[in-house]
Amino acid sequence: MRIDLHTHSTASDGTQSPTELVEEAKASGLGMVALTDHDTTSGWEEAVAAAVRTGIRLVRGIEISCSRNHRSIHLLGYLPNPDDPRLVVELARSRDSRVTRMDRMIERMAADGIPVSVQEVRAQLAPGATLGRPHLADALVAKGIVADRDEAFRDLLHDGSRYYVGHYAPDPVTAIGIVRAAGGVPVLAHPFAMRMASVSDELVEELAAAGLAGLEAHHRDHEPADVERAVRLAQRHDLVVTGSSDYHGAGKLNRLGEHTTQPRQWSRIVEQSSGVKVVQP
């Protein structure tokens with residue numbers, strides 16, 4: 001069975017609805033797909049209905065935006081209870097912070113004569129979706145200011161840009177505790193991608209001691225040496241090794257199933273979960 005454990009829908013910054021994403025996962029030959037939108041579970045219900053109808057196993061998950069020393073770190077949480085009070089509060093805090101952050105980014109752009117409004121950004125947002133920089137990028141594309149999301153992030157929206165504004169993000173140790181308390185299983189997403197340079201071997205050791213379950217080793221943004229490093233660290237700390245596409249529809253070049261997780265590794269994740277179950281067709 002081919003398993004892809006990292007995808008995004010219009011509930012965050014993907015370009016396909018949860019239904020469309022699940023249908024494409026099935027058409028791509030996947031036997032199991034995880035929906036892991038940023039800081040939200042709002043796409044779960046629609047994805048469940050689509051999975052049952054199309055006949056594919058669905059893993060309900062989230063991707064929590066974390067921060068350590070002003071560096072972004074992303075944590076995937078698989079099969080948590082979405083009604084866990086602490087998880088609900090934490091995700092809401094992150095989403096609310098993204099709204100005020102977007103206002104400030106737009107203000108900085110306006111000061112430099114870049115004509116984009118809050119209304120135009122919100123027009124790119126699906127109902128209930130988590131607001132993020134990709135939606136600002138889409139608004140810039142719609143206005144003809146940039147050609148596509150890649151150009152927007154390369155020239156205007158990258159972390160070092162004069163227009164960049166941070167948002168609330170918990171420390172990864174805190175996030176791991178929250179995911180575990182909700183019965184979920186935490187896995188560090190693309191830990192050695194360029195923008196994730198803060199993830200040192202020492203930090204992986206610290207996170208493993210705090211309850212981290214695995215490392216996403218096989219990912220488009222990892223060079224072969226990164227994959228080897230992740231596998232080595234996983235073996236050292238008895239962590240699960242996963243592979244995923246980090247699919248965003250038309251928002252990125254990533255393709256469904258371009259990296260996958262071995263079933264025996266997935267079994268180790270399921271054994272540690274006590275939140276929601278895998279949706280079976």
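For this chain, numbers begin at 1 and follow the sequence in order.
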Undergrad: Hey, does Arg86 have a side-chain heavy atom less than 4.5 Å from the side chain of Thr174?
TA: yes
Undergrad: Determine whether a donor-acceptor pair (N or O, by modelled atom type, separation under 3.5 Å) exists between the side chain of Thr260 and the backbone of Asp4.
TA: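 A pair under 3.5 Å: no.
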Undergrad: Heavy-atom distance under 4.5 Å between the side chains of Val187 and Leu75, does that happen here?
TA: no
Undergrad: Determine the minimum heavy-atom distance between Gly257 and Ser245, stating which atoms define it.
TA: N-CB, 3.9 Å
Undergrad: Examine His222 together with His190 and report whether their ring centres are nearer than 6.0 Å.
TA: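 No - the distance between ring centres of His222 and His190 does not fall below the 6.0 Å cut-off.
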Undergrad: Just so I know, are the side chains of Leu76 and Leu5 near enough to count as touching, which here means a heavy-atom distance under 4.5 Å?
TA: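 Side chain of Leu76 against side chain of Leu5, heavy atoms only: no contact under 4.5 Å found.
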Undergrad: Under 4.5 Å between side-chain heavy atoms, counting indirect links through other Ile/Leu/Val/Met/Phe/Trp/Tyr residues: same cluster for Leu131 and Leu91 or not?
TA: no
Undergrad: Please collect all salt bridge (Lys or Arg N to Asp or Glu O under 4.0 Å) contacts where either partner lies in residues 29-48, sequence neighbours excluded, each pair once.
TA: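 Qualifying pairs, neighbours excluded: Asp39-Arg98.
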Undergrad: May I ask you to test the Ile3-Leu30 pair for a side-chain heavy-atom distance under 4.5 Å?
TA: no
Undergrad: Has the side chain of Glu206 got a donor or acceptor atom that lies under 3.5 Å from a matching backbone atom of Glu202?
TA: no
Undergrad: Does the plane of the ring in His248 sit parallel, tilted or perpendicular to the ring in His38? Use 30° and 60° as the thresholds.
TA: tilted
Undergrad: For Thr261 versus Ser244, what's the shortest heavy-atom pair and its separation?
TA: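 Shortest heavy-atom contact: OG1-OG, 4.5 Å.
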Undergrad: Nearest 0.5 Å, please: how far is CG in Leu35 from NE2 in His6?
TA: 10.0 Å
Undergrad: Kindly say whether Ser12 contributes a backbone atom to a donor-acceptor pair with the side chain of His135 at under 3.5 angstrom?
TA: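 Side chain of His135 to backbone of Ser12: a pair is present.
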Undergrad: Within the 4.5 Å heavy-atom criterion, are Thr15 and Pro134 side-chain neighbours or not?
TA: no
Undergrad: Take Arg101 and Arg133 through the test side chain to side chain contact (heavy atoms under 4.5 Å, CB included) and record every step on the way to the result.
TA: CA-CA 10 Å; Arg101 171 254 202 135; Arg133 280 181 288 173; 3.2 Å; yes
Undergrad: State whether the number of non-hydrogen atoms from other residues, nucleotides or ligands found under 6.0 Å of Asn69 atom CG is greater than 12.
TA: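 Result for CG/Asn69: open.
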Undergrad: Let's go through Glu23 and Arg53 carefully: what are the C-alpha distance in whole Å and the side-chain angles of both, what is the deciding distance for side chain to side chain contact (heavy atoms under 4.5 Å, CB included) to 0.1 Å, and is it a yes or a no?
TA: CA-CA 9 Å; Glu23 289 175 346; Arg53 177 172 50 80; 3.0 Å; yes
Undergrad: Which is it for Glu216 and His259 under the side-chain hydrogen bond (donor to acceptor under 3.5 Å, both in side chains) test, yes or no, and what are the steps along the way?
TA: CA-CA 10 Å; Glu216 187 181 59; His259 295 289; over 6 Å; no
Undergrad: Locate the shortest heavy-atom distance separating Ser17 from Ser9; write the atom from each residue and the value.
TA: C-CB, 4.1 Å
Undergrad: State whether the side chain of His74 and the backbone N or O of Ile64 hold a donor-acceptor pair below 3.5 Å, judged by distance alone.
TA: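 Between the backbone of Ile64 and the side chain of His74 there is no qualifying donor-acceptor contact (under 3.5 Å).
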Undergrad: Check whether any side-chain heavy atom of Thr100 sits under 4.5 Å from a side-chain heavy atom of Asp96, and report yes or no.
TA: no
Undergrad: So how far is it from Arg255 CZ to Glu258 CD, rounded to the nearest 0.5 Å?
TA: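 Nearest 0.5 Å value for the CZ-CD distance: 8.0 Å.
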Undergrad: Donor-acceptor pair, distance only, cut-off 3.5 Å: does the side chain of Ser97 make one with the backbone of Ser94?
TA: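 Side chain of Ser97 to backbone of Ser94: no pair is present.
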Undergrad: Evaluate whether atom CZ of Arg122 has more than 12 neighbouring non-hydrogen atoms of other residues, nucleotides or ligands under 6.0 angstrom away.
TA: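 Count not over threshold, so no.
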Undergrad: Would a single hydrophobic cluster contain both Val241 and Tyr78, if residues Ile, Leu, Val, Met, Phe, Trp and Tyr are joined by side-chain heavy-atom contacts under 4.5 Å?
TA: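 No, separate clusters.
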Undergrad: Salt bridge between Arg220 and Asp246, side-chain N to carboxylate O under 4.0 Å?
TA: no
Undergrad: What distance do Ile269 atom CD1 and Thr242 atom OG1 have between them, rounded to the nearest 0.5 Å?
TA: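 Rounded to the nearest 0.5 Å, the CD1-OG1 separation comes to 6.0 Å.
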Undergrad: If I take atom CG from residue Asp155 and atom OH from residue Tyr163, how far apart are they, to the nearest 0.5 angstrom?
TA: 10.5 Å
Undergrad: How about Lys277: does its NZ atom have over 12 heavy atoms from other parts shown lying under 6.0 Å from it?
TA: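 It does not: Lys277 NZ has 12 such atoms or fewer within range.
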Undergrad: Hydrophobic cluster membership, with links at side-chain heavy-atom distances under 4.5 Å among I/L/V/M/F/W/Y: are Val173 and Leu87 in one?
TA: yes
Undergrad: Is there a chain of hydrophobic side chains (I, L, V, M, F, W, Y, each step under 4.5 Å between heavy atoms) that links Leu125 to Leu21?
TA: no
Undergrad: Kindly give the heavy-atom pair with the smallest separation between His167 and Ser65, and that separation in Å.
TA: CE1-CB, 3.9 Å
Undergrad: Is there a donor-acceptor contact under 3.5 Å from the side chain of Thr7 to the main chain of Ala34?
TA: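 The answer is yes, because a donor-acceptor pair under 3.5 Å joins these two groups.
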Undergrad: Please report the C-alpha distance between Tyr164 and Leu157 in whole Å, then the side-chain angles of each, then the deciding distance to 0.1 Å, and finally whether the side chain to side chain contact (heavy atoms under 4.5 Å, CB included) criterion is met.
TA: CA-CA 6 Å; Tyr164 176 78; Leu157 304 180; over 6 Å; no
Undergrad: Testing the basics here: between Thr54 and Lys26, what is the closest heavy-atom pair and its distance to 0.1 Å?
TA: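 Looking at all heavy atoms of both residues, the closest pair is O-CE, 3.4 Å.
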Undergrad: Check side chain to side chain contact (heavy atoms under 4.5 Å, CB included) between Ala213 and all other residues, then give those that pass, not counting sequence neighbours.
TA: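 Only Arg180, Val185, Pro186, Gln272 meet the side chain to side chain contact (heavy atoms under 4.5 Å, CB included) criterion with Ala213.
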Undergrad: Using only atom types and a distance under 3.5 Å, with no angle test, would you say the side chain of Asp112 pairs donor to acceptor with the backbone of Ile114?
TA: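 Not a single qualifying donor-acceptor pair exists.
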Undergrad: Distance check, rounded to the nearest 0.5 Å: Ile73 atom CD1 versus Arg71 atom CZ?
TA: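 The CZ atom of Arg71 is 10.0 Å from CD1 of Ile73, to the nearest 0.5 Å.
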Undergrad: Enter the distance from Asp221:CG to Phe192:CZ here, rounded to the nearest 0.5 Å.
TA: 13.5 Å
Undergrad: Hey, is CD on Glu223 packed in by over 12 heavy atoms from elsewhere, all under 6.0 Å?
TA: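 Open.
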Undergrad: Val118 and Leu140: same hydrophobic cluster, using ILVMFWY side-chain contacts below 4.5 Å?
TA: yes
Undergrad: Set out, in order, the CA-CA distance, both residues' side-chain angles and the distance that settles side chain to side chain contact (heavy atoms under 4.5 Å, CB included) for Gln265 and Gln262, then state yes or no.
TA: CA-CA 5 Å; Gln265 296 291 333; Gln262 295 179 1; 4.2 Å; yes
Undergrad: What is the minimum heavy-atom distance between Pro82 and Val88, and which atoms define it?
TA: O-CG2, 3.2 Å
Undergrad: Check whether any side-chain N or O of Ser161 sits under 3.5 Å from a backbone N or O of Leu156 as a donor-acceptor pair, and report yes or no.
TA: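 A pair under 3.5 Å: yes.
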Undergrad: Are Thr10 and Pro18 packed together at the side-chain level, in the sense that at least one heavy-atom pair is separated by less than 4.5 angstrom?
TA: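 Counting from C-beta outward, Thr10 and Pro18 do come under 4.5 Å.
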Undergrad: Relative to Tyr168, does Arg93 satisfy both conditions: NZ or CZ under 6.0 angstrom from the six-membered ring centre, and within 45 degrees of the ring's axis?
TA: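 Geometry flag: set, cation within 6.0 Å and 45°.
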Undergrad: Check whether any side-chain heavy atom of Met1 lies under 4.5 Å from a side-chain heavy atom of Met32, and answer yes or no.
TA: yes
